[in-house]
Q: 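Please see the structure below; I have some questions.
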Amino acid sequence: MFASAANVVAAACPNSFDYSVFGPREHIENLHPHNRRGTGGLRDGMVTFAQRVHGREKPWQEWSVPAGSSAITEAERLLQQDNRTDIYVSQAAFQHRRSISQLTAIGACYTDLDYHNCARWKGRKPADVASAVIGHLEDAMIPAPSYILSTGRGLVCVWLTELLPRVALPRWNAVQKQLQQMLEPFGGDRRALDAARVFRLCGSENSRAEWDRRTVGMVWCQGSPETPARHVFGTLADEVLPFTHAELISLRAERSKRQAEGNDKTTPAVRHTAESYWESVLTDLQRLRAHRCPEGAMPEGQRDAWLFVAGVAISWISPPDVLGREIIALADEAAGWRDGETRSRMSAIIKRARQAAAGQKITFGNREVDCRYRMKASTIVEWLGIDPAEQRAAGLRVLVDQDRKRELNTERTRESRRRRGAKDRTAQQAERLSMGGMALYLQATKGLKRDELAERFGVSTGQMSKAMREARRGMPA
């Protein structure tokens, strides 16, 4: 199937790109698919476009349009203008501006291959390199991408998935890193792994490429070129990552067995990773800011502490190569700081993140740990002065006190019972009271015993005794 799809595309565009195969409309529709849940779901957000125009004081221009038909219209408009060179589109959608902190939905994993930097592949035809990539992935038993684009001097491999919220970012990042490492022999770019990445728009032109390769277009796809195959992210992650979700569950089960036997010498398994914890912290910080400052920018006196904690959170969920850009974007939005001021104030966070990426550790409590900053939720609550009323009003889930944490646990338990089909406790008590009243009536009028009543109502004798006892009292126990 893979080879036939490749042949279809190769035949359609031997030297130049054919819009009828995979043009800007198909590119946007596949990267940013329609959300069947309608407005209010994951599809809400903005798609970012950018163009580098040489000769201007600020050559990089960037703007955003709503996801959906507006993004398709904008993509087609850009390719109808005179200058079609160096046009880019974001792979994800964002609330306002392009930054990981404002990510609303991402529906693809991807790897940028700068094969022109590899001696073995430099000068080879894009379709030949793409075929070699597919063979390499098959040998490694890694799922093939949905499609591969030639970007003029390299390739972009894209694995389309269902739309994912930002809470999935830790595992998504792990998949990104693994795919890049797998394709490193083809020039896999480790600096192009973040969720706020932009790549060239299909049908645009690369001003730095050779003339016969300057047009960005599809060179390989899985499925039909118009609608390439879409992966289920959980399955893709299980096949790419060293341990699948099922294997992790199995490992935990084995650990529980060893613990029961008293033979477990390993540290207990944690419920959440550091990355998932800090993603939740960042979500709570944004909710808190929206609650305190609906107009956007935070007042003086609240900026420094909030941005420091937010910067720490981003350092755990963002690749270090783009951390500076992400923090600068957030500081501009939340406090109006200029780039230089942000770099000065957040330099320690950025430095530690780069040290962590290089494998450096620090000693804490007689053990070596990641050198990035870390803070307990209770410490953040105290730092930011988040009172119980704010915790409830802002809908915080992690940055809460013990009382609110107990409330949330109760809510989660109740919701879990509801999803499993369990009835509400009040409804259960009402049904039991009704059954008890009927049982007392049958006992008095027909002389039925407790065992007979239990069999008649299809419950245990213990349940029947409780129902009759509550009915005698006239109210639930």
Side-chain angles (χ1 to χ4, degrees), residues 45-46 48 50 52 56-64 88 90 92 94-104 166 169-170 173 190-198 274-275 277-358 360 362 370-375 379-380 383-386 399:
M46 310 289 284
T48 298
R52 182 179 288 109
R56 294 189 178 181
E57 182 180 353
K58 293 183 178 180
W60 182 262
Q61 300 177 339
E62 186 172 309
W63 64 98
S64 298
Y88 301 81
S90 65
F94 309 92
Q95 187 174 1
H96 297 295
R97 62 191 298 172
R98 180 174 65 95
S99 67
I100 292 173
S101 64
Q102 294 209 10
L103 182 72
T104 59
R166 198 183 64 198
L169 204 56
N173 281 333
R190 65 181 181 84
R191 298 169 301 177
L193 302 178
D194 60 290
R197 182 58 42 180
V198 294
E275 290 80 6
Y277 165 74
W278 282 108
E279 193 285 324
S280 299
V281 168
L282 182 59
T283 297
D284 270 8
L285 289 173
Q286 290 174 318
R287 289 174 176 169
L288 178 65
R289 181 165 71 92
H291 174 70
R292 287 182 173 180
C293 314
E295 69 282 357
M298 302 185 71
E300 292 186 10
Q302 297 183 24
R303 299 173 179 175
D304 291 15
W306 188 93
L307 277 168
F308 180 83
V309 178
V312 171
I314 293 176
S315 75
W316 284 91
I317 65 174
S318 172
D321 294 304
V322 300
L323 176 59
R325 182 198 73 197
E326 291 295 323
I327 291 180
I328 286 172
L330 187 61
D332 176 53
E333 176 193 344
W337 288 354
R338 295 185 176 181
D339 294 4
E341 182 179 7
T342 302
R343 288 192 179 94
S344 175
R345 289 172 178 262
M346 300 293 179
S347 60
I349 295 175
I350 297 172
K351 179 181 178 182
R352 288 206 178 198
R354 288 174 177 168
Q355 289 174 337
Q360 295 186 32
I362 59 173
D370 192 297
C371 61
R372 284 172 288 189
Y373 289 107
R374 61 189 69 214
M375 302 173 72
T379 303
I380 299 173
W383 260 41
L384 302 182
I386 312 173
L399 303 181

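Worth knowing before you read on, the calculation uses all heavy atoms, side chains too, and leaves out hydrogens, waters and symmetry mates. Computed from a prediction, not measured in an experiment: that's the story for all the values here.
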Q: Quick one: does T48's side chain get under 4.5 Å of W63's, heavy atoms only?
A: no
Q: Can you see which heavy atom on L307 is nearest to which on A334, and at what distance?
A: CD2-CB, 4.2 Å
Q: Among I328, I350, D332, whose side-chain contact (heavy atoms from CB on, under 4.5 Å) with T342 holds?
A: I328
Q: Tell me if a side-chain donor or acceptor on E279 pairs with a main-chain N or O of L169 at a distance below 3.5 Å.
A: no
Q: Centroid-to-centroid, Y373 to W278, below 6.0 Å?
A: no
Q: Does the side chain of L285 reach to within under 4.5 Å of the side chain of V281, using non-hydrogen atoms?
A: yes
Q: Is the closest side-chain heavy-atom distance between N173 and E275 below 4.5 Å?
A: no
Q: What are the two closest heavy atoms between L323 and A353, and how far apart are they?
A: CD2-CB, 3.3 Å
Q: Compute the centroid of each ring, for F308 and then for W383, and state whether the two points are separated by less than 6.0 Å.
A: yes
Q: Could you go through the side chain to side chain contact (heavy atoms under 4.5 Å, CB included) check for H291 and I386 one step at a time?
A: CA-CA 11 Å; H291 174 70; I386 312 173; over 6 Å; no
Q: Between the side chain of R289 and the main-chain N/O of M298, is any donor-acceptor distance below 3.5 Å?
A: no
Q: Using modelled atom types and a 3.5 Å cut-off, is there a donor and acceptor pairing between side-chain atoms of S347 and backbone atoms of S344?
A: yes
Q: Do R97 and S64 make a side-chain contact, defined as non-hydrogen atoms from C-beta onward lying under 4.5 Å apart?
A: no
Q: Which value, rounded to the nearest 0.5 Å, describes the distance between R292 atom CZ and R287 atom CZ?
A: 15.5 Å
Q: Take D370 and W316 through the side chain to side chain contact (heavy atoms under 4.5 Å, CB included) test and state the conclusion after the steps.
A: CA-CA 10 Å; D370 192 297; W316 284 91; 3.9 Å; yes
Q: Is there a donor-acceptor contact under 3.5 Å from the side chain of R197 to the main chain of S90?
A: no
Q: Any idea which heavy atoms bring S318 and V322 closest together, and the distance?
A: OG-CG2, 3.4 Å
Q: Does any non-hydrogen side-chain atom of R98 lie less than 4.5 Å from one of R325?
A: yes
Q: What is the minimum heavy-atom distance between C371 and A356, and which atoms define it?
A: SG-N, 3.4 Å
Q: Inspect the contact between E62 and R52 and indicate whether a charged nitrogen and a carboxylate oxygen are less than 4.0 angstrom apart.
A: no
Q: Nearest 0.5 Å please: distance from the CG atom of L288 over to the SG atom of C293.
A: 8.0 Å
Q: Do R166 and F94 come close enough that some side-chain heavy atom pair is under 4.5 Å?
A: no
Q: Please walk me through it: do I100 and I314 pass side chain to side chain contact (heavy atoms under 4.5 Å, CB included)?
A: CA-CA 8 Å; I100 292 173; I314 293 176; 5.8 Å; no
Q: Specify the closest pair of heavy atoms between S101 and E326, including all atoms of both residues, with the distance to one decimal.
A: N-OE1, 3.8 Å
Q: Could you go through Q355 and R352, starting from their C-alpha distance and side-chain angles, then the distance that decides it, and tell me whether this counts as side chain to side chain contact (heavy atoms under 4.5 Å, CB included)?
A: CA-CA 5 Å; Q355 289 174 337; R352 288 206 178 198; 4.2 Å; yes
Q: Is there a side-chain contact between M375 and V309, using heavy atoms and a 4.5 Å cut-off?
A: yes
Q: Indicate whether the side chain of E333 and that of Q102 have a donor and an acceptor atom separated by less than 3.5 Å.
A: yes
Q: Quick one: does Q61's side chain have a donor or acceptor within less than 3.5 Å of a partner on A50's backbone?
A: no
Q: Measure the spacing between CD1 of I327 and CZ of R343 and express it to the nearest 0.5 Å.
A: 11.0 Å
Q: Please confirm whether the backbone N or O of L399 pairs with a side-chain atom of D284, one donor and one acceptor, at under 3.5 Å?
A: yes
Q: At their closest point, which heavy atom of Q286 faces which heavy atom of W306, and how far apart are they?
A: N-CZ2, 4.2 Å
Q: Are side-chain heavy atoms of L330 and S99 found at a separation under 4.5 Å?
A: no
